[in-house]
There are 2 protein chains.
Amino acid sequence: MSETATGGASGRDARIRLSDVAARAGVSNSTASLVLNGSGPASASTRQRVLDAAAELGYAGPDPRARGLRQGRSGIVAVVTEDALGDAFRDPINLAQLDGLADGLGDGGPSLLIIPGAADDPARVSSSPFDAAVLVGCGVGILDTLELLRRRRVPVIGLEAPHADGVAAIDLDNVEGARALAEHLRELGHHRVGIVTLPLGSRRTSGPLTPELEAAATAPSTSERLDGVRQVFPDAPGWIASASSIAAGYEAGAALLDGRGAEGVTDADGATLADDATGADGAKAASTRPTAILAQSDLIAIGVIRAAEERGLRVPDDLSVTGFDGIRVDGLTDHDLTTMVQPARAKGEAAGRAVLAALADPEAPAPDPVLFRTTLHRGATTARAGA
Amino acid sequence: MSETATGGASGRDARIRLSDVAARAGVSNSTASLVLNGSGPASASTRQRVLDAAAELGYAGPDPRARGLRQGRSGIVAVVTEDALGDAFRDPINLAQLDGLADGLGDGGPSLLIIPGAADDPARVSSSPFDAAVLVGCGVGILDTLELLRRRRVPVIGLEAPHADGVAAIDLDNVEGARALAEHLRELGHHRVGIVTLPLGSRRTSGPLTPELEAAATAPSTSERLDGVRQVFPDAPGWIASASSIAAGYEAGAALLDGRGAEGVTDADGATLADDATGADGAKAASTRPTAILAQSDLIAIGVIRAAEERGLRVPDDLSVTGFDGIRVDGLTDHDLTTMVQPARAKGEAAGRAVLAALADPEAPAPDPVLFRTTLHRGATTARAGA
DNA sequence: CTGTTAGCGCGTTCAT
DNA sequence: ATGAACGCGCTAACAG
């Protein structure tokens with residue numbers, strides 16, 4: 001395979017160019033280009049000579065850089081994340097979305113360029129060539145980056161990203177999903193519930209959820225899910241998870257179960273955990289421990305369950321726990337988690353299709369938001385209160 | 001922010017180019033280029049005028065495509081995987097490697113272009129611009145792709161990939177690690193052991209491990225780990241996992257524990273499970289069930305444990321189980337797995353450094369392979385046989 | 001210090 | 001059916 005001196009002007013190390021092939025085949029560059037791209041009309045003999053020449057020289061095809069410049073297109077779609085690479089992919093829900101995205105882009109379609117940490121360093125986004133960008137799981141920290149993308153005239157698709165001018169939005173009805181889940185708990189008779197939220201913004205800190213922090217949440221999915229819960233449990237105390245992970249859920253769950261969530265919701269009086277209607281004072285009776293915890297992701301929920309079990313609490317007998325996402329728990333837990341299942345893969349596919357559409361007609365205005373819905377999965381981690 | 005008619009020749013939709021900025025600042029293209037790239041010498045007043053012009057026009061910086069062509073460099077490093085995207089990143093060990101790779105490339109460094117499924121479609125690799133490629137977890141199915149990369153004169157770094165001419169290899173001492181683990185089991189008195197292998201090649205099928213299949217294994221880590229085991233248990237029966245996942249491990253574990261591994265290792269006689277020295281016939285006594293299972297990844301091991309527990313077997317009392325990788329079990333299991341810990345992150349970083357080195361001096365020959373070592377973690381999933 | 005010139009490698013007109 | 005010429009947007013040489 002490695003015949004070195006076959007070619008005509010076989011320079012020691014240079015890459016074979018189209019012009020080399022053309023020269024060897026005795027045709028012009030343009031003819032060779034037409035033949036190799038399959039499109040152009042050419043006599044059978046010419047075609048064959050070009051193909052032979054290419055094979056003999058080991059032509060690797062056109063240089064993607066040059067082709068990209070010429071065609072104004074690089075065949076690359078950027079996946080922009082606020083988080084670091086590891087954090088972004090650790091949650092199966094994001095992987096599922098990426099899988100869907102790859103699918104939606106199709107087989108011969110563009111490849112994915114991963115641009116993590118865009119919030120910290122917006123400039124990363126202007127140094128690489130790509131034809132479209134997909135924002136996944138971003139908060140408003142991404143807005144600077146967005147401005148750059150707009151200047152580059154790059155179509156932008158937002159997967160649960162902040163709505164902004166010209167961004168094709170793929171959304172999830174987080175509000176309704178979270179509300180339904182909270183409703184489910186209330187129907188089961190729970191009044192003292194705790195919340196474990198997703199990270200509020202790009203600041204990955206954990207701690208008690210204060211009204212101020214809650215109001216300042218920047219990530220759409222975080223604040224939407226919180227809004228949904230608030231429609232049912234306006235005063236429930238909460239804890240902010242530092243990430244959507246089991247470990248973070250464990251920490252947060254431990255905090256809530258040990259009563260540390262208290263400071264978050266009350267000002268100065270002794271009331272610690274809210275109930276939904278009677279006011280925070282009525283339930284000051286036997287226990288201040290929540291009877292249910294709404295975790296804003298499945299991974300977090302698993303961590304919460306672990307924290308509960310470690311404290312000798314049985315789920316769901318002593319504590320009901322709900323998740324969010326409906327990830328296929330590849331053996332992550334023995335529990336059949338009550339959760340809202342979201343069509344992550346379909347969301348990714350929709351994003352892929354949106355990319356292709358934007359590429360096909362760059363002049364077209366951003367399409368209307370696409371809204372995906374969640375479905376309640378009644379698992380075995382929720383039960384009637386005080387059972 | 002969106003003053004539209006400020007610029008001179010503000011064409012309706014065109015992207016602002018360097019020449020627009022230069023014209024507005026009243027300087028030549030090259031001067032503007034020098035100023036914007038920070039490098040060139042320029043008078044303070046000129047510099048300021050150029051910067052002002054760029055700001056006023058909303059110049060987004062040089063077009064990465066054009067810059068890439070001109071400089072012969074795109075600022076992109078490809079991560080090439082044999083598997084589909086989801087399969088490749090589901091295993092935390094690969095994520096850790098990616099994390100390390102991103103680190104090793106440094107902050108202002110190249111971005112990562114994900115190219116999954118390269119074995120199925122080698123051409124994917126020739127359509128996108130990148131300056132170097134990292135092969136992660138590939139078998140020989142990648143060789144066609146490799147040939148293309150060679151033709152493109154792209155430096156290639158192999159992370160546990162097949163050794164080949166010009167590929168900078170980052171290796172792991174899988175053989176020694178697997179041997180040590182097997183040795184550990186033998187020292188504990190285990191004779192009847194079963195093996196659950198990683199997938200043998202790009203064919204993601206599961207089933208009993210036959211000598212023919214074993215000999216035909218194409219993925220380096222798979223066959224090396226198998227080789228290591230064979231130095232201690234030459235005849236142990238095995239089952240091929242369809243992936244490095246808990247689910248696949250569960251299936252394989254179930255198969256071995258139910259005695260289905262049998263056909264794999266024997267020809268026609270009744271002997272089912274091998275012991276290491278006395279030959280397959282001696283142990284036909286009470287039970288043919290293995291007393292220990294060597295799983296070739298931690299995820300697989302967790303699946304095996306689950307299968308065992310479901311059958312009423314206690315780990316490690318009734319069955320010892322070992323893993324491989326030493327992933328941080330973010331709450332994946334309650335067990336403290338006995339396993340070989342590999343420095344996945346460091347491997348990724350080494351790959352990153354190798355990329356930078358290759359980029360710094362493209363003429364340099366491929367460096368010698370870098371070998372990383374595993375360390376035995378004696379967890380709580382192995383115990384003395386027959387205890 | 002600044003402007004002029006010349007490509008990077010390719011695809012695509014427009015002639016022939 | 002084929003070849004010649006041009007330019008995508010930028011930067012690296014050289015002149016001035």
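Worth knowing before you read on, the calculation uses all heavy atoms, side chains too, and leaves out hydrogens, waters and symmetry mates. We name chains A, B, ... by the order of the sequence lines, and we start the count at 1 in each one.
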Taking OP1 and OP2 of D:dT11, is either one under 4.0 Å from a side-chain nitrogen or oxygen of B:Asn37? yes
I want to check one thing: is the phosphate of C:dC10, taken as OP1 and OP2, less than 4.0 Å away from some side-chain N or O of A:Ser33? no
Rounded distance (Å) that lies between atom C1' of D:dG9 and atom CG of B:Leu36: 13 Å
Determine, for B:Arg65 against A:Asp131, whether the closest basic-nitrogen to carboxylate-oxygen distance falls under 4.0 angstrom. yes
Euclidean distance, atom CG of residue B:Asp63 to atom C1' of C:dC10 [Å, nearest integer]: 15 Å
Checking the side chain of B:Asp144 only, and the main-chain atoms of B:Pro122 only, is there a donor and an acceptor separated by less than 3.5 Å? no
Which residue lies more 5' along DNA chain C, comparing A:Arg17 with B:Gly26 via nearest heavy atoms: B:Gly26
Reading DNA chain C from 5' onward, which residue's closest nucleotide shows up sooner: B:Leu69 or B:Thr31? B:Thr31
OP1 or OP2 of D:dT2 sitting under 4.0 Å from any side-chain N/O of A:Ser28? no
Looking at every strand, decide which applies to A:Leu18 at a 4.0 Å heavy-atom threshold: base, sugar-phosphate, or nothing. sugar-phosphate
May I ask you to say whether B:Asp107 pairs ionically with A:Arg124, meaning some side-chain N is under 4.0 Å from a carboxylate O? no
Round to a whole Å and report the spacing from CZ of A:Arg49 to P of D:dA1. 15 Å
Euclidean distance, atom CG of residue B:Leu34 to atom P of D:dA12 [Å, nearest integer]: 8 Å
Any donor-acceptor pair under 3.5 Å from A:Arg152 side chain to A:Val125 backbone: yes
Verify the contact: side-chain N or O of B:Ser43 to OP1 or OP2 of C:dT2, cut-off strictly under 4.0 Å; return yes or no. yes
Round to the nearest Å and state the distance from A:Arg70 atom CZ to D:dA5 atom P. 17 Å
Output the rounded distance in Å from CZ (A:Arg15) to P (C:dC8). 14 Å
Indicate whether OP1 or OP2 belonging to D:dG9 is found under 4.0 Å from a side-chain N or O atom of B:Tyr59. no
Does A:Arg65 have a side-chain nitrogen or oxygen under 4.0 Å from the phosphate oxygens OP1 or OP2 of C:dC10? no
Atom CG of A:Asn29 and atom P of C:dG9 are separated, to the nearest Å, by 12 Å
Report yes if a side-chain nitrogen or oxygen of B:Gln71 is closer than 4.0 Å to either non-bridging phosphate oxygen (OP1 or OP2) of D:dC10; otherwise report no. no
Looking at A:Ser30 and C:dG11, is any side-chain donor or acceptor paired with a base atom of the opposite kind under 3.5 Å? no
With a 4.0 Å cut-off on N to O distance, would you call B:Asp52 and B:Arg49 a salt bridge? no
